[in-house]
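Here the structure is a predicted model, which means the values were calculated and not measured. All values below come from the heavy atoms of this structure, side chains included, with hydrogens, waters and symmetry mates left out. Here is the naming used below: chain letters follow the sequence lines, and residue numbers restart at 1 for every chain.
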Amino acid sequence: MPNQQHGIVAHAETEKLNHECVACPFCGLHCDDLTIATTGAGLIVTANGCDRAKAGFERNVPCASPQIGGQDAPLETAIGEAARRLKASRLPLIGGLGTDVEGMRALLAMADKAGAVVDHVLSTALYRNTGVLQTKGWFMSTLTETRNRADLLIVVGSDLSKEHPRFYERIASPADVMFESTSGQRTVVLIGCGAGAATKVTGERIGKVLDVACEPADIPVLLGALRALLKGVPHAAPPPAGVSEAMLAEIAELCRKASYGVVVWAPQALSFPGADLAVQIISDIVRDMNKTTRFAGLSLGGNDGVASAASVCSWQSGYPLRVSFASGAPEYDPYRFDIARMLAEGEGDLLVWVSTFTPDAGPPATDLPTIVIGTPGLALSRTPDVFIPVGTPGLDHGGRLVRCDGVVSLPLRGVRAGQHPRLIDVAAGIEAAL
Amino acid sequence: MLIKLKGGRVYDPANGVDGEVRDIYVRDGRIVAADQSAKVDAEYDVTGRVVMAGAIDPHTHIGGGKMTIARMMLPEDHRGDEIHRTALTRSATGFAVPSTLAAGYRYAEMGYTAGFEPAMLPANARQAHMEMGDTPMIDKGAFVMLGSDDFLLRQMAARQDFEAIKDYIAWTMHAAQAIAVKVVNPGGISAFKFNQRKLDLDESHAHYGVTPRDVLRTLSRGLKELGVTHPLHVHGCNLGVPGNVSTTLDTIRAMEGLPVHLTHIQFHSYGTEGDQKFSSGAAQVAELINQHANISIDVGQILFGQTCTASGDSMRQYGNTKSAHPKKWVVMDIECDAGCGVVPMKYKDKSFVNALQWAIGLEIFLLVDDPWRVFLTTDHPNGAPFTTYPHLIRLLMDKGFRRDMMQKIHPDAQKASILASLDREYTLYDIAIMTRAGPARSLGLADRGHLAPGAWGDITVYKDDADRERMFTTPEYVFKNGELIVRDGRIVKVVQGATHVARPDYDRNIEKSLQSYFSKYHTVSLQNFKVHDDEIIEHDKGSIVVQPTGARV
């Protein structure tokens, strides 16, 4: 396919081309103000890239050949072998799913035909949210709304500088905002975000930063106490160690005074027992606060294409991942069709692992025969039975990604002459051969 | 390729054909004049059958973020309504918030060949088109939402030159790939973000000072002057609030002859009479509509059972969360652009309020005289899933059936409604108007919704059946662009429909102020905000049909 969109074509290796307004696929914020230079030596982020973006765009991707059993093979042969194994499999597991909307579409078509189970590498984080959505629902905001409107940000359990490095710069402290309520400084409350997180909450628009330190596992208890205080009902458990009643009262007062408070979390960061309970209480607090003022939640997941995978899977099958097509119709069970659990308990007889963005999201250790479709350099603990290197959406070819807020999606462009096939062509090839 | 449909009774109101026996010829996708000498490649004997153009749903929530939120939130909606994979079709699930694949298949199986998503947020337009791209079989299009977006409200508050406002409306239609414009709770979605909990027609927005009346008139006049065929699609103030009939009547008067389409008007026709302070305003609304030729409506009929409401109206949906069934809901503030609210709902015939809502919708259908100005909708899935249309058609066509159904509803609602006294029965010709010719004309679909030479061969053939519900549930043949896609209610060929858009002229200079606005306030660049043709054509494997627009004045 031609590496062309919006009239920009990268031809000769020596030519240097600047691409502006490039959307970054490497975290769920999908910032689209990057400038990327295409040089003979590879891509360089010349404006607005964070460390994650630089690592992603500037990574030297080795030229890789498809392989069968560790031996180079022509692409068609590898596709044929992958199809043969899928066809022979009684319960294939298609995991990873690190791709964009178009890639997910192709994988779902393949999974439907193969009678496979689909699940994403970050589903465990996603499901901290999904369980709450499916139990009580929630009241949410989006990035632009929060950027212009929030006068209070409460960040729960997440050092955002790691997984979403530009959140404070672009959303919490932008140069311009639309409304008077936020034209001054914003208050940021950090709850259990870890030591050092507060030092990264910087920017001209950041006012008071209240750093409430607690152990991650204590976050639900703290949030429960805060909710009780806000509702004016007694709470049985005292606030966790290190958190005074006075500090809770201060947070409560900030909440009451806010015109638009936003509670922010990154589900990936909430890796403690009962994390879904923390999300539940956040949702409850937001719900309570909306009786008198305006409040909303903002979840910053969406890395590795998980927002795209969950969205496409929902609109095509009705369910947000952890879906089995084995019966010939979509079947949903977030426990049964958790591929990590299935692998651990010896279910399934073939693993198809897809990771097109990051070399870190390699397949889990398993004895099952494995087909890997991924970016060259992907971390592999052993040689897969079939390996098909593919390009990265947004670098090697176009595509679309759904942002962490689940509302906005960004177009991706090819910014270099990719040497590897697109996932969608590989998946379509396999599907056609099934 | 020439196909002939021989001997059917044709109902083609756009061309004044009312049940006459005619042969229809389709050559290479389009309907052509009879040609006795030409060789017919395929002939279908449809003697005694009822032949209509493919049906068009002008208001159905089939694509976009709020539907996917609903799908994610309600796995129980899909369980037990699985669609198994076949050699032709993918697996999918229903029910009230079906997967995109299920929606496409089921519309086609019911004889529909087009459906229009009425609430596409500009910020969510890309996803809406992706979802519509994954909705096979039918043609699609979408109405882009304006009226609570900060750019327009800033323009209005600053009393900007009206031409600039028109440029912005047109720019948005291009950027979002829309065929029409919808306003939802005019200004109210934005007002809710400023903690206003209601915004009546002449109530001022706390920050911008504009009123819903201003927004309605600005957008309606703007669209008229841009030459956009479909008038402003209006989801008015106070949806679902008892007493909102007076707002609706005031809204009709406020337009002073400007064309508007009042959508799901059933939800806006409530009085406050009676013991329960809830009564029908259908007669007043219908009377005023009958007097105002600038108004068209769709009903948003409710039918009993479990469904899910999904709307851009975050303010009113938040108000409706107390009725959520099951008890869960999502409300969102979105991108300084709009909002959404997703609230599952179970309408019960033994509930006084629900039963009266049902009766109010039917009263409106039966009291508005001109079927060209009433379109058959349930506001899928808000009033009921679109799969209930055949049942609704029977309610309209069969007064005996209607009376039987009425016996089952809450007795006080029976007493509170004049429905039992309404003898009108819709004819097949009327049904063809409200499900084909009317929507096509209103939306400006030049070559859909009718069967004259030049039209695309979207044709549905029904076995005549006194049980109209059975008749309209399972058409015998459905053709899309002259290809047989459904036979006896089963898909025989999978096709990808087109996306219909309208592209009024605008002055490109509007992008200068948009560029500044986007770079100051937005989190997406102006360039990436726009949905490009390539996305629909290459990524979605679709096609774009640009429908004609009148000259700008």
Beyond-backbone contact of B:Lys328 with A:Thr135, side-chain heavy atoms, under 4.5 angstrom: no

Interchain contact, A:Ser311 with chain B, by part (heavy-atom threshold 4.5 Å): both

Residue pair B:Trp329 / A:Trp138, side-chain heavy-atom distance below 4.5 Å: no

Under 4.5 Å from a heavy atom of chain A, the part of B:Lys66 involved: neither

From CG (B:Asn124) to OG (A:Ser409), nearest 0.5 Å: 7.0 Å

Residue part contacting chain B, namely of A:Tyr260, when any heavy atom lies under 4.5 Å: side chain

Greatest number of heavy atom pairs closer than 4.5 Å to chain B - which of A:Thr292, A:Ile171, A:Val101, A:Thr146: A:Thr292

Whether B:Asn528 side chain and A:Ala23 backbone form a donor-acceptor pair below 3.5 Å: no

Chain B contact via A:Pro174 - side chain, backbone, both or neither, heavy atoms under 4.5 Å: neither

Heavy-atom donor-acceptor pair, B:Asp134 side chain to A:Trp315 backbone, under 3.5 Å: no

Centroid-centroid distance, B:His207 to A:Phe179, less than 6.0 Å: yes

Residue A:Lys113 excluded, over 12 heavy atoms near NZ under 6.0 Å: yes

For chain B, the option from A:Arg287, A:His30, A:Arg170 that forms the most heavy-atom pairs under 4.5 Å: A:Arg287

Interface moiety of A:Leu29 toward chain B, non-hydrogen atoms closer than 4.5 Å: neither

Check: A:Gln134 side chain, B:Met72 main-chain N or O, donor-acceptor pair, under 3.5 Å: yes

Nearest-0.5 Å distance that lies between atom OG1 in B:Thr523 and atom CG in A:Asp32: 7.5 Å

Heavy-atom contact with chain B under 4.5 Å, split by part of A:Phe325: side chain

Contact leader toward chain B among A:Ile424, A:Leu143, A:Val402, where contacts are heavy-atom pairs under 4.5 Å: A:Leu143

Electrostatic pair B:Arg79:A:Asp333 at N-O distance under 4.0 angstrom: no

Working for ring-ring contact (aromatic ring centres under 6.0 Å, His included), residues A:Tyr319 and B:His78: CA-CA 8 Å; A:Tyr319 304 118; B:His78 317 310; 5.2 Å; yes

Pairing of B:Lys541 and A:Glu102 as salt bridge, 4.0 angstrom limit: no

Minimum heavy-atom distance B:Glu335-A:Glu145, with the two atoms named: N-OE1, 3.2 Å

CZ-CG distance between A:Phe295 and B:Asn195, expressed to the nearest 0.5 angstrom: 11.5 Å

Shortest non-hydrogen contact from B:Ile83 toward A:Ala329: O-CB, 3.9 Å

Choice from A:Val177, A:Asp33, A:Val312 maximising heavy atom contacts with chain B below 4.5 Å: A:Val177

Chain A contact via B:Ser519 - which portion, at a heavy-atom distance below 4.5 Å: backbone

Rounded distance [0.5 Å steps], CD1 in B:Ile334 versus CG in A:Asp405: 8.5 Å

A:Arg149 and B:Asp333 ion-paired at < 4.0 Å: no

Nearest-0.5 Å distance that lies between atom CG in B:Leu74 and atom OG in A:Ser314: 11.0 Å

Backbone of A:Gly318 reached by a side-chain donor or acceptor of B:Arg71 within 3.5 Å: no

Residue pair A:Val408 / B:Val524, side-chain heavy-atom distance below 4.5 Å: yes

Largest heavy-atom contact set with chain B, pairs under 4.5 Å, which of A:Pro320, A:Gly137, A:Pro330: A:Pro330

Under 4.5 Å from a heavy atom of chain A, the part of B:Lys327 involved: backbone

Lys NZ or Arg CZ of A:Arg294 over B:Phe192 ring: under 6.0 Å, within 45°: yes

Leading residue by heavy atom contact count with chain A [cutoff under 4.5 Å; candidates B:Met130, B:Glu82, B:Gln127]: B:Met130

Part of B:Phe518 within contact of chain A (heavy atom distance under 4.5 Å): neither

Least distance between heavy atoms, A:Gly328 atom then B:Ser91 atom: O-CB, 3.3 Å

For chain A, the option from B:Arg154, B:Lys193, B:Met73 that forms the most heavy-atom pairs under 4.5 Å: B:Lys193

Minimum-distance pair of heavy atoms, taken over all atoms of A:Arg400 and B:Asp540: NH2-OD1, 2.7 Å

Shortest non-hydrogen contact from B:Tyr521 toward A:Asp176: CE2-CB, 4.0 Å

Shortest non-hydrogen contact between B:Glu535 and A:Pro411, atoms and distance: OE2-CB, 4.2 Å

Option in A:Leu133, A:Asp112, A:Asn148 with maximal non-hydrogen atom pairs under 4.5 Å from chain B: A:Asp112

Residue pair A:Gln316 / B:Arg90, side-chain heavy-atom distance below 4.5 Å: yes

